Amino acid sequence: MRAVTDSASGTDGAAGEGGTGVEDFIELDGVEKVFDVRRKVGFLRRERHQVRAVDSISFRVPRGEMVGYIGPNGAGKSTTIKMLTGILTPSAGRLRVAGVDPSRERTRLAQRIGVVFGQRTTLWWDLPLIDSYRLMHRMYRVPDARFRENLDRCVELLDLGELLDVPVRQLSLGQRMRGDIAAALLHDPEVLYLDEPTIGLDVISKAKVRGFLRDLNAERGTTVLLTTHDLTDIEQLCRRVMVIDHGRLLYDGALTGLHEVGESERTLVVDLEREVPPIELPGTRARTVRTQGPRQWLAFPATESAAPLVARIAAEYPLVDLSVREPDIEAVIAKMYADRSAV
Ligand SMILES: Nc1ncnc2c1ncn2[C@@H]1O[C@H](COP(=O)(O)OP(=O)(O)O)[C@@H](O)[C@H]1O
Ligand SMILES: [Mg+2]
């Protein structure tokens with residue numbers, strides 16, 4: 001649980017890793033990606049400028065972990081994933097996946113990684129789903145028995161049975177996404193990168209995808225890096241989360257720790273026997289933020305215990321019922337971004 005400071009070193013031991021152990025499946029040290037962009041200005045003139053999409057990022061992911069990678073649009077999430085798959089070469093820094101430099105040994109590494117880009121499909125648009133899988137079977141040279149086993153498993157768990165003979169362009173977004181996830185797993189990758197896998201999906205499809213990922217990680221030990229802007233994905237799947245904005249890592253730690261960094265507040269929802277003036281608890285940091293008849297809402301720092309407040313209210317007010325509301329993680333992150341840009 002820590003906020004990432006500006007220092008490029010990133011690994012001051014706080015994360016608990018002892019250097020470059022074999023356990024670290026993904027390793028980034030001061031990784032950067034700068035794009036040269038030419039912009040048209042005026043009639044014939046073009047101006048060159050640079051976009052620092054990823055700016056000195058360091059992190060490690062041990063084998064078998066499922067990590068969330070979140071941030072607003074344009075933060076650098078997809079660029080990071082493209083470097084991890086070897087599609088893009090870092091401009092600076094050191095990057096290793098399974099001890100291998102992805103951009104140098106992309107083909108060799110392809111056998112060991114699976115990737116899903118939510119906004120793009122790797123499936124052949126005009127072919128039935130099953131034909132795409134058969135092509136991948138050959139492309140990745142997956143042994144027949146293993147291919148069949150993986151396919152059966154994905155078809156069952158992702159509910160693809162009815163869809164195998166349907167051309168991909170006729171699938172709904174949720175169906176296509178499940179098809180894409182299966183495609184990424186037919187060769188038994190050790191790591192799965194998911195770039196916005198639930199984007200645009202309906203609630204049921206989201207639940208299906210999440211359940212599947214949870215099982216995959218738990219049963220097969222597949223390392224998963226999950227990029228999303230849907231925080232429910234993270235809350236349901238990942239204990240560890242990394243937050244990126246403007247190419248920089250703002251936070252790397254437990255999901256619960258985000259609340260501390262964001263200095264967020266929890267809320268006591270208090271039901272009283274009758275309507276009374278706003279509750280006051282001098283000497284505490286709780287304050288009444290809303291009242292509605294006999295119900296009142298008190299905000300207090302999320303890092304403080306609710307117990308003494310509850311005891312005080314019970315002693316001094318006609319208390320009927322009470323509950324604690326956890327801070328809304330979206331609000332926490334929004335605040336984190338706001339604090340960051342205010343610096
Ligand atoms: N091929 C590219 N050429 C120029 N700029 C790019 C390219 N790819 C991404 N960028 C820029 O890099 C930044 C990060 O983009 P991206 O990694 O796609 O963010 P995210 O996936 O978090 O939305 C953005 O400002 C984006 O415009
Ligand atoms: Mg993206």
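Ligands are counted one by one from 1 in listed order, and the atoms in each one are counted from 1 as well. Only a predicted model underlies this, so the values are computations on that prediction, with no experimental measurement involved.
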Heavy-atom contacts under 4.0 Å to ligand 1, chain-then-number order, include exactly Phe35, Val37, Val51, Ala53, Pro72, Asn73, Gly74, Ala75, Gly76, Lys77, Ser78, Thr79

Would you find a donor on one side and an acceptor on the other, under 3.5 Å apart, between the side chain of Asp252 and the backbone of Val243? no

Does Asp101 pair with Arg94 as a salt bridge, N-O distance under 4.0 Å? no

Quick one, Arg176 and Val168 - any side-chain contact, counting heavy atoms below 4.5 Å? yes

Pairs satisfying side chain to side chain donor-acceptor pair (under 3.5 Å), at least one member in residues 70-79, at least two apart: Ser78-Asp195

Backbone N/O of Val34 and side chain of Ser91: donor-acceptor pair under 3.5 Å: yes

With sequence neighbours excluded, what pairs up with Tyr133 under the ring-ring contact (aromatic ring centres under 6.0 Å, His included) test? none

Cation-pi geometry met for Lys33 and Phe35 (6.0 Å, 45°): yes

Tally every protein N/O/S atom whose distance to the Mg ion (ligand 2) is less than 2.8 Å; waters are neither shown nor counted. 1

Is the closest side-chain donor-acceptor distance between Asp144 and His137 under 3.5 Å? yes

Polar side-chain atom of Arg178 near backbone of Leu160 as donor-acceptor pair, under 3.5 Å: no

